[in-house]
Amino acid sequence: MGLALLIALHFGITLAYLTPINPLKLRVFQPVKGYMEPFFSQRWTLFAPNVVAQSRALLVACRTEDAHQTRREHPFVDITQPLRDLKRRHRLTPADRLDRAQITGVTMLHAQDDEAARRLLMKPEDTPAYREAVAAVEQEREVRRAHGTRLLARVASAACRSLHPDDRIIEVGIRVATLKAPPFSRRMEPEDAGETTFSDLPWLPYEATETL
């Protein structure tokens, strides 16, 4: 009985989370959002998604200081592929959570607004209600990006601790690589033949975490 109530509560909160933007949702949405994000966040496009035409990878760099107080900046290292390989080898283990953490952080940095929010922002209106709604959308963007940055900083800190266990980690660098698949006219080419772009975050302080 208790499990059934828990499941019903979860799906009720999910339904409230997925409702279109409206004045009531804007005022009481924070508790619902706090429960759903980042691990339960979803959109209706989950059931009718667009074909994925790009993939992303997380690269991490480390600034360290050794026992002689010599500082060094290490090059960026791809940590996404090793985590995915680990998950494939050990699917029913905590390896899934390790992979999910970096995927969630990258997604929160690059997540698009839902369709209702996009339509709202395109309307050339200037009323108090419209300005309030736009401000709420902008605030949600900033909060989502801040949460994604914090999550990636912790993932990067854990990666740096694993990569340089004998040094003191000072700062971590985060770079997201986006690989666009070749167009349909070049569909027979390998995926890495597409265009790759990079976006870097500012260097962030190291946070003490468990190693990856």
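Numbers here simply count residues along the sequence, with the first being 1. None of the values given here were measured: they were computed from a predicted structure.
- Scanning all heavy atoms of the two residues, the minimum distance from A101 to V155 falls at CB-CG2, 4.0 Å.
- Listed by first then second residue, pairs satisfying ring pair (Phe, Tyr, Trp, His ring centres under 6.0 Å) with a partner in residues 84-109 number zero, not counting sequence neighbours.
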Decide side chain to side chain contact (heavy atoms under 4.5 Å, CB included) for R72 and H74; before the verdict, give the C-alpha distance in whole Å, the side-chain angles of both, and the deciding distance to 0.1 Å.
CA-CA 6 Å; R72 180 182 176 188; H74 301 268; 3.5 Å; yes
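- For T80, the side-chain hydrogen bond (donor to acceptor under 3.5 Å, both in side chains) criterion is met by Q102, not counting sequence neighbours.
- Here salt bridge (charged side-chain N to carboxylate O under 4.0 Å, His left out) pairs that include residues 163-177, with residues two or more places apart or in two chains, are R63-E171, E65-R168, R175-D200.
- Atoms CG and NE2, from D66 and H164 in turn, are 12.0 Å apart once rounded to the nearest 0.5 Å.
- Within the 4.5 Å cutoff, side-chain heavy atoms of R161 are placed close to those of I169.
- Heavy atoms only, all atoms of each residue included: S157 and T209 are closest at C-OG1, 3.8 Å.
- Taking every heavy atom of both residues into account, A61 and C160 meet most closely at O-SG, 3.6 Å.
- Between V60 and V77 there is no side-chain heavy-atom pair separated by less than 4.5 Å.
- Counting heavy atoms from C-beta outward, T64 and I170 have side chains that stay 4.5 Å or more apart.
- For the atom pair CG of L5 and NE2 of H10, the computed distance is 14.5 Å after rounding to the nearest 0.5 Å.
- Distance check, rounded to the nearest 0.5 Å: CZ of R97 to OG1 of T104 gives 11.0 Å.
- Separating the CH2 atom in W203 from the SG atom in C62 is a distance of 7.0 Å, to the nearest 0.5 Å.
- Applying the salt bridge (Lys or Arg N to Asp or Glu O under 4.0 Å) rule to R145 yields no partners; only residues at least two apart in sequence or on another chain are considered.
- Around CD of Q81, the count of heavy atoms belonging to other residues, nucleotides or ligands within 6.0 Å exceeds 12.
- Proximity of T178 to T196: side-chain heavy atoms (C-beta onward) are nowhere separated by under 4.5 Å.
- When all heavy atoms of D78 and P82 are compared, the pair lying nearest together is O-CD, 3.5 Å.
- One finds the OG atom of S55 at 12.0 Å from the NZ atom of K180 (value rounded to the nearest 0.5 Å).
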Run the side chain to side chain contact (heavy atoms under 4.5 Å, CB included) check on R150 and E207 step by step: do they pass?
CA-CA 10 Å; R150 174 71 192 287; E207 295 188 37; 2.9 Å; yes
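- The ring pair (Phe, Tyr, Trp, His ring centres under 6.0 Å) pairs that include a residue from residues 135-159 number zero, where partners must be two or more places apart or lie in different chains.
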Start with the C-alpha gap between L201 and V176, add the side-chain angles, then the distance that decides, and say whether side chain to side chain contact (heavy atoms under 4.5 Å, CB included) holds.
CA-CA 9 Å; L201 295 181; V176 178; over 6 Å; no
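- Annotation: side chain to side chain contact (heavy atoms under 4.5 Å, CB included) contacts of R89 (sequence neighbours excluded): D85, L86.
- Proximity of L109 to T149: side-chain heavy atoms (C-beta onward) are separated by under 4.5 Å at one or more points.
- How far CG of L152 is from CD1 of I103: 11.5 Å, rounded to the nearest 0.5 Å.
- Annotation for A153 and V172: closest pair O-CG2, 4.2 Å, computed over non-hydrogen atoms.
- At a threshold of 4.5 Å between side-chain heavy atoms, the hydrophobic network of Ile, Leu, Val, Met, Phe, Trp and Tyr places I79 and Y206 in one connected group.
- Between A156 and I174, the shortest heavy-atom contact is CB-CG1, 4.1 Å.
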